[in-house]
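These numbers come from the heavy atoms of this one structure, side chains and all, not from hydrogens, waters or symmetry mates. What you see is a predicted model; the values in this text were computed from it and never measured. Residue numbering restarts at 1 for every chain, and letters A, B, ... go by the order of the sequence lines.
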Amino acid sequence: VTRVRWTPVALVVAALQMVACFAKDIEVRAPRVDAATQPESAVRPEPTARMALLDDVAQALLSGGPDHGRAGDLALYGRFIGAWDVEVTAYPPGGAPVRQHGEWLFSWALEGRAVQDVWIVPARAHRVRITEGPRPYGTTLRFPDASGQRWRIVWINPASHSVVTMTARAVDGEIVQEGIDADGQRFRWVFHEIEPNRFRWRAEDTADGVNWTIRQEMRVTRRTGVLKSSEGAES
Amino acid sequence: MNTFIDGLIADGPAPEYRDALMLYGQFVGDWKTVTTEYRDDGLRHITHWDVRFQWVLEGRAVQDLWITPPRGSTPLAWHEPGNRYSTTLRIYDPAIGAWHIVWFNPPSGTIVRQLGRQIGNDIVQNGEPDSDGEQTRWVYRNITKETFTWCNERSSDGGESWRLVQEMRAKRVVR
């Protein structure tokens with residue numbers, strides 16, 4: 001593995017690139033690094049090409065609504081489409097609770113046959129200054145099975161290199177996502193007290209199938225008001 | 001920009017594993033493929049695919065779309081045979097020097113998990129054997145900046161020999 005050499009010039013350019021990135025304005029970008037100073041593989045396309053590319057992926061991935069034929073089944077998670085603010089409390093074994101603020105963004109995907117979300121903790125607005133501790137920035141993809149009664153779910157978090165597979169169903173107005181972790185331990189993530197503009201969420205596991213221990217909780221509130229295109233970002 | 005896309009899509013690879021991330025990062029962009037499926041009855045079935053790769057999640061992951069038939073104005077029903085409107089999520093795991101790969105195709109109700117690694121000039125993605133002991137691997141070969149070949153191969157003898165069941169020839173779409 002070759003390492004990027006942090007020459008003073010490279011550091012300045014990297015800083016400029018970060019600024020350009022945070023400004024969330026894809027077309028205004030820092031000057032490109034001279035190709036000779038970078039491995040060939042790291043050379044990026046020109047900004048205009050990148051913009052077109054981004055539109056292509058977004059356009060193919062996103063959907064404005066659910067697949068018409070299965071709108072009923074899809075509503076289980078479809079009701080969360082939008083942007084949410086998250087207050088997370090983690091309960092580490094033997095330690096004090098840890099509180100963090102995050103954001104949770106849901107969208108229709110894949111011709112309205114799936115719901116994909118992005119879960120970011122700490123929220124991007126605070127991420128720059130909070131550099132210690134866990135910094136999950138992951139995505140969940142989910143779709144209903146043929147019966148419409150169960151959803152297949154995968155949560156992926158590159159920050160901890162984890163892939164978590166679950167099955168979900170509606171239970172008495174709640175959504176219960178169940179799975180088995182790498183150690184064979186049963187766990188469940190539950191959406192509860194679901195209202196149009198707020199819900200709660202908890203993660204629990206059990207060793208004996210009877211007693212459940214809460215590991216993490218969230219209070220989730222829908223973002224409201226007129227939003228700019230860059231809401232949630234630092235700009 | 002769309003709020004969700006703003007949170008999902010990244011501008012390039014995360015700096016800490018930049019070189020490793022380029023294994024799939026090299027495909028970021030749009031591709032068209034001509035795909036040949038070699039059926040058990042000896043017939044060949046040709047399809048066309050629309051494939052798009054993008055950096056996501058702070059540049060620590062790649063998400064791509066694999067679509068056939070390419071969408072025009074006529075929508076396809078959910079369970080139309082051969083309908084693929086699928087996506088792959090890939091994350092690099094430095095602890096094992098490999099990529100966790102998850103492919104989702106809602107129309108067929110399929111989720112496939114694999115581990116992807118560079119082997120020589122190829123990228124090989126291996127899955128767990130199924131209940132009959134049949135193994136499947138997806139391999140990227142002949143990789144250039146503008147082209148690659150993707151092969152879906154199966155083995156019934158524990159990986160001693162592989163037979164080709166599907167081959168895609170991909171060309172980058174230049175805009």
Roughly how far, to the nearest 0.5 Å, is [atom2] of [Y] from [atom1] of [X]?
{"X": "Phe4(B)", "Y": "Ile81(A)", "atom1": "CZ", "atom2": "CD1", "value": "8.5 Å"}
{"X": "Arg152(A)", "Y": "Thr110(B)", "atom1": "CZ", "atom2": "OG1", "value": "7.5 Å"}
{"X": "Thr87(B)", "Y": "Gln116(A)", "atom1": "OG1", "atom2": "CD", "value": "6.5 Å"}
{"X": "Leu8(B)", "Y": "Ser107(A)", "atom1": "CG", "atom2": "OG", "value": "9.0 Å"}

Handout entry: Derivation and outcome, salt bridge (charged side-chain N to carboxylate O under 4.0 Å, His left out), residues Glu58(B) and Arg127(A)
Key = CA-CA 11 Å; Glu58(B) 298 186 306; Arg127(A) 228 169 155 75; 2.8 Å; yes
Residue [X] versus chain A: region with a heavy atom under 4.5 Å:
{"X": "Arg113(B)", "answer": "side chain"}
{"X": "Leu65(B)", "answer": "side chain"}
{"X": "Leu21(B)", "answer": "neither"}

Practice task
Flag the one option from Asp145(A), Thr139(A), Asn157(A) with the top tally of heavy-atom pairs under 4.5 Å to chain B.
Solution key: Thr139(A)
Practice task
Measure from the side-chain N and O atoms of Tyr85(B) to the backbone N and O of Leu61(A), and report whether any donor-acceptor pair falls under 3.5 Å.
Solution key: no
Practice task
Check for a donor-acceptor pair, side chain of Arg113(A) on one end and backbone N or O of Pro107(B) on the other, with a separation under 3.5 Å.
Solution key: no
Practice task
Under 4.5 Å, counting heavy-atom pairs only, tell me which of Ile96(B), Leu57(B), Asn105(B) racks up the most with chain A.
Solution key: Leu57(B)
Handout entry: Among the listed options Arg90(B), His100(B), Gln63(B), the residue most often paired with chain A at heavy-atom distances under 4.5 Å
Key = Gln63(B)
Between [X] and chain B, which part of the residue has a heavy atom less than 4.5 Å away: side chain, backbone, both or neither?
{"X": "Leu62(A)", "result": "side chain"}
{"X": "Arg142(A)", "result": "neither"}
{"X": "Asp67(A)", "result": "side chain"}
{"X": "Ser160(A)", "result": "neither"}

Shortest non-hydrogen separation from [X] to [Y] and the atoms involved:
{"X": "Ala60(A)", "Y": "Ile67(B)", "value": "CB-CD1, 4.2 Å"}
{"X": "Arg52(B)", "Y": "Gln59(A)", "value": "NH1-OE1, 4.4 Å"}
{"X": "Leu105(A)", "Y": "Thr3(B)", "value": "CD1-O, 3.6 Å"}

Are there over 12 heavy-atom neighbours, none belonging to [X], within less than 6.0 Å of that residue's [atom1]?
{"X": "Arg163(B)", "atom1": "CZ", "result": "yes"}
{"X": "Asp40(B)", "atom1": "CG", "result": "no"}
{"X": "Asp157(B)", "atom1": "CG", "result": "yes"}

Practice task
Let me know which of Leu141(A), Ile156(A), Thr165(A) forms a side chain to side chain contact (heavy atoms under 4.5 Å, CB included) with Val102(B).
Solution key: Ile156(A)
Exercise for the section: Anything in residues 123-144 of chain B with a heavy-atom distance to chain A below 4.5 Å? Please list those residues in order. Expected result: none
Handout entry: Validation row: Val118(A), Val56(B) side chains within 4.5 angstrom (heavy atoms)
Key = no
